[in-house]
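Numbers restart at 1 for each chain; the letters A, B, ... are given by sequence-line order, proteins then strands.
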There are 2 protein chains.
Amino acid sequence: MLDIAILGLLMERDHHGYELRVQLRDRLGLSSNVSFGSIYPALARLERHGSVETVIAADGRLTALSTGSLSGERATLRSRRSAPGLGRRGRKVYRITERGRQEFARLLADPSTVDNGRNFSLRMALARYLTPALRVTLLDRRRGALLERLAELRAGTQVSDLDSYARAVMEHGARAIEFEIAWVDELLAHERINDEQDSYAGDAG
Amino acid sequence: MLDIAILGLLMERDHHGYELRVQLRDRLGLSSNVSFGSIYPALARLERHGSVETVIAADGRLTALSTGSLSGERATLRSRRSAPGLGRRGRKVYRITERGRQEFARLLADPSTVDNGRNFSLRMALARYLTPALRVTLLDRRRGALLERLAELRAGTQVSDLDSYARAVMEHGARAIEFEIAWVDELLAHERINDEQDSYAGDAG
DNA sequence: GGTCGATTATATCACGTCGATATATCGACG
DNA sequence: CGTCGATATATCGACGTGATATAATCGACC
């Protein structure tokens with residue numbers, strides 16, 4: 001889960017661990033503050049796998065934060081008295097590799113684990129990296145999973161069997177699913193509109 | 001998480017592991033099919049802790065297994081042909097202990113981990129075991145957590161910074177939170193109505 | 001000008017949950 | 001008779017979480 005999210009952020013520019021957490025929340029909508037106990041093991045995993053590489057920031061400030069991939073700067077080394085020249089508590093900046101880009105494309109397009117809401121939202125937030133066809137596939141899968149879950153919910157214990165609180169939870173659950181189906185439909189409609197625009201612009205038939 | 005859910009189900013009647021999974025979904029709304037890799041360790045944990053005890057059904061067949069304080073009268077004998085529900089393969093039936101009941105009450109009333117949607121829904125589904133005052137506390141806490149998350153979402157990276165897909169995910173996230181706040185408000189209103197009814201009919205018993 | 005708390009930052013731990021898998025029993029269907 | 005699908009228990013590795021430790025730097029206040 002985190003792998004794809006981290007790779008997605010690194011597609012845009014380099015990041016260090018702490019910053020990734022903020023971006024995970026603000027740009028990918030991962031529920032408030034993913035634990036460092038997830039992020040650092042994930043980074044270690046990705047590095048072991050050759051999907052990312054570290055670019056140790058030699059100076060304390062700046063680093064790759066503002067300039068993105070362009071990193072020709074050989075910065076002013078401030079004299080540090082201890083440890084290898086890591087500024088501000090050794091900051092490790094991570095960069096995606098070619099292998100990582102391929103892995104990212106593979107993970108993103110894989111529609112197998114879309115029955116989980118988080119996985120779906122995550123992939124949608126990164127959907128600009130997908131082809132239109134794959135986007136539609138993803139949305140269709142999610143729609144199917146939601147319909148299935150809704151049917152399952154309605155087919156479960158009959159409502160009369162539950163007390164009013166359990167019933168309220170079930171009914172809210174059903175409404176929430178319908179709410180998300182409506183969203184998915186909206187997104188699908190959007191994809192169709194884009195298709196039409198493409199066929200006007202690109203295909204004169 | 002599972003502990004409280006399992007204890008909640010066992011408050012009503014005894015269950016064996018496999019059945020718990022179905023009930024977790026159908027009565028407590030836990031997202032489709034909790035893994036056995038969660039259920040069995042949870043049961044072992046609870047047993048170790050003295051919150052539940054096992055009542056082995058020695059014979060694979062039927063075994064009214066005596067308990068069923070509630071299900072006793074009804075569970076006599078159903079037509080034994082295609083009726084689902086009674087197992088083969090040495091079945092371990094779990095029963096809640098007095099210690100378990102106390103533990104359940106303690107866990108249910110604890111409002112500390114209500115920032116997670118699942119924990120909240122779970123506690124709401126079991127809210128009939130709470131006093132009205134504790135129900136309101138729970139709802140207020142959840143409301144606060146949702147407002148906080150909404151503010152955080154709105155305060156994050158400004159929308160113009162995101163591509164249309166990431167933006168769509170963020171906006172849906174915000175709407176989903178508002179949707180749940182509306183639900184919580186509904187539930188709070190209900191609690192107030194019940195309060196009023198109590199004060200009118202309180203001594204009519 | 002010194003300390004204090006907040007923020008930035010990396011890392012590790014125990015624990016819980018998940019998904020996959022192994023194993024076994026029974027009823028139904030052919 | 002075999003095997004398929006549902007019932008049923010159990011374990012495994014992988015992953016995410018929350019708590020905690022460590023540490024440097026920054027701004028604020030006195």
Rounded to whole Å, the OH-C1' distance (Tyr94(B) to dA8(D)) equals 11 Å
Taking side chain as C-beta onward, heavy atoms only, is Met1(B) less than 4.5 Å from Leu30(B)? yes
Rounded to whole Å, please give me the gap between CD1 in Ile39(A) and P in dC15(D). 15 Å
Quick one, Arg13(B) and Gln23(B) - any side-chain contact, counting heavy atoms below 4.5 Å? yes
Test item: His172(B) and Met124(A) side chains (from C-beta on) under 4.5 Å apart, heavy atoms: no
Glu19(A) CD to dA9(C) P, straight-line distance once rounded to whole Å: 7 Å
Presence of Tyr18(A) side-chain N/O under 4.0 Å of dT10(C) phosphate oxygens OP1/OP2: no
Please give, in whole Å, the distance from dT22(D) C1' to Tyr40(A) OH? 12 Å
For Arg135(B) and Ala127(B), indicate whether the former's side chain and the latter's backbone hold a donor-acceptor pair under 3.5 Å. yes
Could you tell me whether Arg175(B) and Glu178(B) make a salt bridge, using a distance below 4.0 angstrom between a side-chain N and a carboxylate O? no
Would Glu53(A) and Arg99(A) count as a salt bridge (charged side-chain N to carboxylate O under 4.0 Å, His left out) if you check the C-alpha gap in whole Å, the side-chain angles of each, and the deciding distance to 0.1 Å? CA-CA 10 Å; Glu53(A) 57 190 12; Arg99(A) 189 133 144 69; over 6 Å; no
Just how far, in rounded Å, is P of dA14(D) from CD1 of Ile4(A)? 20 Å
Output row for DNA chain C, stems defined as at least 3 consecutive Watson-Crick or G-U pairs under 3.5 Å, is C:1-30 with D:1-30
Is there side-chain contact between Asp161(B) and Asp26(A), with heavy atoms separated by less than 4.5 Å? no
What protein N or O atoms touch nucleotides 15-19 of chain C N or O atoms at under 3.5 angstrom, if any, and at what distances?
unit_1	atom_1	unit_2	atom_2	d
dT17(C)	OP1	Met1(B)	N	3.3
dT17(C)	OP1	Leu2(B)	N	3.0
dT17(C)	OP2	Arg45(B)	NH2	3.2
dC18(C)	OP1	Arg118(B)	NH2	3.2
dC18(C)	OP2	Ser38(B)	OG	2.8
dC18(C)	N4	Gly37(B)	O	3.4
dG19(C)	N7	Ser35(B)	OG	2.8

Taken to the nearest whole Å, NE2/His15(A) to C1'/dT8(C) is 16 Å
Does the Thr54(B) side chain pair with the main chain of Lys92(B), one donor and one acceptor, at a distance under 3.5 Å? no
Rounded to whole Å, how long is the line connecting atom CG of Asp110(B) with atom P of dG18(D)? 14 Å
Side chain to side chain, Ile6(B) and Tyr94(B), heavy atoms closer than 4.5 Å: no
Given atom CZ of Arg21(A) and atom P of dT7(C), what is their separation to the nearest angstrom? 12 Å
